[in-house]
Amino acid sequence: MPELPEVETVARLLRPHVVGRSITDADVRWARSVGGSPRPFFAGAVGARVVRLTRRAKFLRFDLERAGADAGALLCHLRMTGRLHVEPRAAQAGSYARVLLHLDDGRVLHFDDVRKFGRLVFEPDPARALANLGPEPLEAAFDGAWLHAALRTRRGRLKPLLLDQGFLAGLGNIYVDESLHRAGLHPLRLAHRVRAEEAQRLVLAVREVLTRAIARDGSSFDSFYRTPEGLPGGFQDEFRVYDRAGEPCLTCRAPIVRIVVGQRGTHLCGCCQPRRPQRSSR
DNA sequence: AGCTACTCCTGGTAGC
DNA sequence: TGCTACCAGGAGTAGC
């Protein structure tokens, strides 16, 4: 599933192909993919020029201009099976193509999405649309002190909170499981009981996992995620718990177990991630 | 307000 | 072989 590292990879690889290009036409093949109504999408996108492509949380943001003035943005969320890629005009659209944007260099930006959960919408005020997201985990503001203070105000379990994009932006099921294992924290730990040094460990684990995953162009454990170039990522080779139920923990050899937390498959090592906090030595 | 359950979708797979 | 039932999952929304 595209999470922060996958979306970051898509932004990096797509950028040289779309920044500076004008959108000359749009072909909407599934209306809900553009927010339900093709007409405002068409009006917002066609004739505009892409001046920037950035990532915020799991969103791709294509900033648009008309006659040199800001003209909103296209926001794309890939959800589980969305894929963006640029092809020559002659290339045939796949059977899962949901939106096609024709560019002024004769090429076409394809938004494919098997499960139709993804979105490519026109947003006149992108800053407002993205305003409720939590901090970026790779930015300096996300540190142990911030996380500890933020966790103390929450009554719920650790994992559902880390998946909440309003709390922290960009993590999904895979990277939460991987980060919690590396930090030695059980996903069902109560957020407000996480101690300062544990929050610090979690910050370092999240940063480490995301940085490694970005370096490997994300994770492709099934057939869905591919870079815009059509290649799989490589971080699935570094999974320690995700999709490894029954296999030995790479740290202690105990079998990885799979439980369900907030309707999500959750993978952990019961030995390295104890349910009760370890006694502090001091 | 803050948390949990349900919904959207479809391909793949397990079971018969 | 071919059918059915069920699973995966991000995030918006409804409900407690």
Side-chain angles (χ1 to χ4, degrees), chain A residues 1-8 10 28-37 55-61 75-84 94-99 111-121 123 126 128-134 136-137 149-180 187-194 206 210 213 218-226 232-233 235-236 239 241-246 256-268:
Chain A
M1 322 295 125
E3 303 178 25
L4 188 154
E6 290 77 25
V7 180
E8 183 70 30
V10 172
V28 176
R29 302 186 169 196
W30 184 255
R32 295 184 74 159
S33 295
V34 297
S37 177
R55 178 195 62 75
R56 170 75 170 110
K58 301 175 202 170
F59 288 91
L60 289 157
R61 171 176 172 168
L75 292 183
C76 182
H77 199 304
L78 302 170
R79 296 284 180 96
M80 273 91 74
T81 57
R83 188 162 111 74
L84 286 167
S95 36
Y96 304 121
R98 306 304 179 195
V99 186
F111 177 55
D112 298 346
D113 188 14
V114 171
R115 291 186 190 160
K116 300 178 174 173
F117 280 14
R119 293 290 179 263
L120 177 60
V121 302
E123 181 56 65
R128 191 189 52 79
L130 299 173
N132 293 326
L133 293 164
E136 285 287 328
L151 290 174
R152 285 179 71 170
T153 70
R154 300 297 201 115
R155 311 259 94 186
R157 311 274 171 186
L158 200 43
K159 174 162 176 174
L161 192 54
L162 294 173
L163 288 172
D164 180 349
Q165 300 298 296
F167 181 79
L168 182 64
L171 295 185
N173 206 37
I174 294 173
Y175 296 106
V176 166
D177 282 5
E178 291 296 318
S179 298
L180 287 172
L188 292 174
R189 286 281 302 276
L190 293 172
H192 67 280
R193 296 249 186 93
V194 172
V206 167
L210 294 179
S219 307
S220 300
F221 67 96
D222 59 22
S223 58
F224 291 121
Y225 170 69
R226 292 294 180 271
F235 189 71
Q236 66 281 1
F239 285 175
V241 287
Y242 190 82
D243 208 26
R244 293 193 67 241
I256 300 301
V257 296
R258 182 184 183 279
I259 62 174
V260 175
V261 178
Q263 328 334 51
R264 298 280 146 66
T266 297
H267 312 76
L268 67 119

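Both backbone and side-chain heavy atoms feed into the values below; hydrogens, waters and symmetry mates do not. All values derive from a computational prediction rather than experimental measurement. Residue numbers start from 1 in every chain, and the chains themselves are labelled A, B, ... in the order their sequence lines are given, proteins ahead of strands.
One can place CG of Leu190(A) at 17 Å from P of dG2(B), the figure rounded to the nearest angstrom. When the C1' atom of dC9(B) is taken as reference, atom CG of Asp113(A) falls 9 Å away, rounded to whole Å. To the nearest angstrom, P of dG12(C) lies 8 Å from CG of Leu133(A). Look at CG on Asp112(A): it is 16 Å from C1' on dC9(B), rounded to the nearest Å. Rounded to whole Å, atom P of dA11(C) lies 11 Å from atom CG of Leu78(A). Straight-line distance from the CZ atom of Arg83(A) to the P atom of dG11(B): 16 Å, rounded to whole Å.
OP1 or OP2 of dC9(B) has not a single side-chain nitrogen or oxygen of Tyr96(A) nearer than 4.0 Å. Side-chain N/O atoms of Lys116(A) include one lying less than 4.0 angstrom from OP1 or OP2 on dT10(B). For dC9(B), the OP1/OP2 oxygens have a side-chain nitrogen or oxygen of Arg32(A) closer than 4.0 Å.
Every residue meeting the ring-ring contact (aromatic ring centres under 6.0 Å, His included) condition with Tyr242(A), not counting sequence neighbours, appears here in chain and number order: Phe221(A), Phe239(A), His267(A).
Arg98(A) places a side-chain N or O within 3.5 Å of a backbone atom of Asp113(A) that can act as its donor or acceptor partner.
With rounding to the nearest 0.5 Å, the separation of CG in Leu188(A) from CG in Leu180(A) is 10.0 Å.
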ask   = Yes or no on salt bridge (Lys or Arg N to Asp or Glu O under 4.0 Å) for Glu123(A) and Arg128(A), after CA distance, side-chain angles and deciding distance?
value = CA-CA 9 Å; Glu123(A) 181 56 65; Arg128(A) 191 189 52 79; 3.5 Å; yes
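For the side-chain hydrogen bond (donor to acceptor under 3.5 Å, both in side chains) test with Asn173(A), the passing option among Glu178(A), Glu3(A), Lys159(A) is Lys159(A); the others fail.
Looking at Phe59(A) and Leu130(A), their side chains come closer than 4.5 Å, going by heavy atoms from C-beta outward.
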task = Report, as a single string ordered 5' to 3', how protein heavy atoms within less than 4.0 Å touch nucleotides 4-10 of chain C: B base, S sugar-phosphate only, - not at all.
result = ----BBB
